[in-house]
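Please read the structure below before turning to the comments.
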Amino acid sequence: MTSVGIIGSGFGALAVAIELKRAGHTDLRLWERSHDLGGVWRDNTYPGAGCDVPSPLYSFSYEPNPHWSRRYALQEEIHAYIRSVADTYGITPLVRFDSEVVAARWNADSATWTVTIGETEETVDILVSAVGQLSRPVLPPIEGIDSFEGTSFHSAQWDHSFDATGTSVAVVGAGASAVQLIPHLARDARKLVVFQRSPNYLMPKPDKPYTSFHKKLFQIAPVSQRLERGGVWAVTEQFARGLDDESRVGRINKAIAMWHLRKQVTDPELRAKLTPDYPIGCKRILFSNEFYPALAQDNVDVVTHAITKVTPKGVVDTEGVEHEVDAIIYATGFDSQDFLQSIDITGTRGQKLATQWADGAHAYLGMYVPNFPNLFVTYGPNTNLGGGSIIFMLEAQARHMRQTLDRLVAGDYRTVEVTEEAELAYDRELSEKLEHSPWAHCDNWYRHRSGRITSNWPGSTRPFAQATKTLDATAFRWA
Ligand code: NAP
């Protein structure tokens, strides 16, 4: 029996574990560094945390949930869904909690991976990384950040003992997380200062609670929910195809975003601050009905000057103004570019993955890396989306990995390794598309410091599903 070890227990890990288990590969174990499963949906508990992809699509195709309370589910509900799916498919008992993988070493003689988990070692035939792209929160390198005497934390490490009521709060960042948490802070805090380095294109969110009628309908006629899923998928495919303002969809999106801004913000000065000066689609397009009204409140100030330092009392901007606050919340994103570098991975002939990816990560189909046999990476390089459901992408990857494993077992092979030629040819084609993608025109978290766009898949999800539908055995060495 081929043993498989999966690092993580979020959506990506579950997608792979369920796919393999259903196909009869039962020697599975999942290592989870935390005490609970759920990945980013366990960690991001800030007020208002939720998904800006509608839940009928942001869920496994084979496990629809007729009980979603609203179209855009909030974190708690998504986390509960993940746990329930893990239980339903018998994955929970396979998870080893409080088990942080720190290293993995390929042994050519035994054709196995030796995985270091804390002080212990385990050996598996196949190693699957499912650590995601957004699991390591980043604090900005601002002078004096440690000197602040009030409360401060990152949005992904929310301190639930903190009560914003009647306090003064600074939020650093205005991205996807900030847009969700700021309306809550604006409601509770006496004063809120938002440090916005770049504005985002923001579209209205067609959110609504599902009525008991909807829930009944989804239960007695599951096809109705599948239809909603299909409809959402078709819309997000169009959205992803036309992200930039060169395209008709992009121009429509931009017109909607600008209309939304005009409608919700009447103060010309604030409106100017919130108007992006870069092409639409270059940073993630955000969705909210509450963000602009929150910023327009009297107790909220939007500061667009850069931050020079943090002092014991607050935040100083480039105008020399010290904004004194009781708390600073950093909604400053994640270390998304140094893929898998928190784990010391050594492949054939002592090759380090960190060295191979020093100029930015790349992998065949985002999953397979030359010099690293029997290593499968889910939500790896160039598999993130500018719009659409990542769950759809994760399922496609899991299906491909299952085919690879099936062939390995059926052919009585011990190792499978993508060839350098296949990976290079794949990467060349991808890089060509990425150079002409909307993400090439501004700073965003999709790019490595070398300039390479390492996070995103260019375009809509259908071509990725097609590219991963069947296994091209010639792209690999089987031994
Ligand atoms: P983010 O989108 O990367 O936003 C980080 C924010 O911090 C940006 O506004 C950035 O400004 C700002 N920033 C970073 N360093 C700064 C500094 N030194 N000074 C001032 N501002 C600074 O991070 P995020 O909001 O946590 O979201 C990350 C990703 O998580 C999203 O793109 C999305 O994929 C995912 N997410 C998804 C959802 C959802 O609804 N599905 C919700 C939350 C997060 P610049 O823009 O100028 O760099």
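Because the structure is a prediction, the values reported are computed rather than measured. Order of appearance sets the numbers: ligands from 1, and atoms from 1 within every ligand.
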- Task: Check step by step if ring pair (Phe, Tyr, Trp, His ring centres under 6.0 Å) holds for Phe60 and Tyr89.
- Result: CA-CA 12 Å; Phe60 289 118; Tyr89 288 86; 7.9 Å; no
- Query: Counting both backbone and side chain atoms, is some N or O of Phe195 under 3.5 Å from an N or O of ligand 1?
  - Reply: no
- Query: What protein heavy atom is closest to atom 9 (O) of ligand 1, reported as residue, atom name and distance in Å?
  - Reply: Ala174 N, 2.9 Å
- Query: Between Phe218, Tyr72, Trp68, which is the residue that forms a ring-ring contact (aromatic ring centres under 6.0 Å, His included) with Tyr210?
  - Reply: Phe218
- Query: With only distance considered, is Ser198 within less than 3.5 Å of ligand 1 through an N or O on each side?
  - Reply: yes
- Message: Below 3.5 Å, N or O to N or O, backbone or side chain included: is there any such pair between Gly173 and ligand 1?
- Response: no
- Asp98 CG: over 12 foreign heavy atoms closer than 6.0 Å: yes
- Message: Heavy atom to atom 2 (O) of ligand 1, shortest distance: which of Pro140, Ala176, Gly48 holds it?
- Response: Ala176
- Message: Give me the residue, atom name and distance of the protein heavy atom closest to atom 23 (O) of ligand 1.
- Response: Gly333 CA, 3.2 Å
- Item | Tyr46 touching ligand 1 at heavy-atom level, < 4.0 angstrom | yes
- State, yes or no, whether a side-chain contact exists between Phe392 and Leu385 at a heavy-atom distance under 4.5 Å. no
- Ser168 vs Arg190 side-chain heavy atoms within contact, under 4.5 Å: yes
- Query: Got the closest protein heavy atom to atom 15 (N) of ligand 1, with its distance?
  - Reply: Arg197 NH2, 3.4 Å
- Item | For atom 26 (O) of ligand 1, the protein heavy atom that lies nearest, with its residue and separation | Ser177 OG, 2.8 Å
- Message: Is there a polar contact between ligand 1 and Trp445, counting only N or O atoms under 3.5 Å apart?
- Response: yes
- Item | Check: Lys283 N/O within less than 3.5 Å of ligand 1 N/O | yes
- Query: Tell me, do Arg241 and Val249 make a side-chain contact under 4.5 Å, heavy atoms counted?
  - Reply: no
- Query: Per the ring-ring contact (aromatic ring centres under 6.0 Å, His included) rule, which among Phe148, Tyr330, Phe162 passes with Phe153?
  - Reply: Phe162
- Aromatic rings Tyr368 and His400: how do their planes relate, parallel, tilted or perpendicular, breaks at 30° and 60°? tilted
- Message: For Trp439 and Tyr446, take the angle between the two ring planes, folded into 0 to 90°, and tell me which bin it lands in: parallel under 30, tilted 30 to 60, perpendicular over 60.
- Response: perpendicular
- Before signing off on this row, confirm whether Gln180 and ligand 1 have an N or O atom pair separated by under 3.5 Å. yes
- Note on the structure: shortest atom 41 (N) of ligand 1-to-protein heavy-atom contact is with Asp52 OD1, 3.1 Å
- Message: Parallel, tilted or perpendicular, judged at 30° and 60°: which one describes the rings of Phe239 and Phe287?
- Response: tilted
- Applying a 4.0 Å heavy-atom criterion (strictly less than), which segment of Leu134 is in contact with ligand 1: side chain, backbone, both, or neither? side chain
- Query: Hey, is Val172 one of the residues with a heavy atom under 4.0 angstrom from ligand 1?
  - Reply: yes
- Message: Does ligand 1 come near enough to Gly50 that some N or O of the ligand is less than 3.5 Å from an N or O of the residue?
- Response: yes
- In ligand 1, the atoms that come under 4.0 Å of a heavy atom of Phe334 are 26 (O)
- Ala331 to ligand 1: N or O pair under 3.5 Å? yes
- For atom 4 (O) of ligand 1, what's the nearest protein heavy atom and its distance? Gly175 CA, 3.7 Å
- Message: So Leu261 and Leu202, do their side chains get closer than 4.5 Å, heavy atoms only?
- Response: no
- Task: Name the orientation class of the two ring planes belonging to His260 and Tyr292 (parallel below 30°, tilted from 30 to 60°, perpendicular beyond 60°).
- Result: tilted
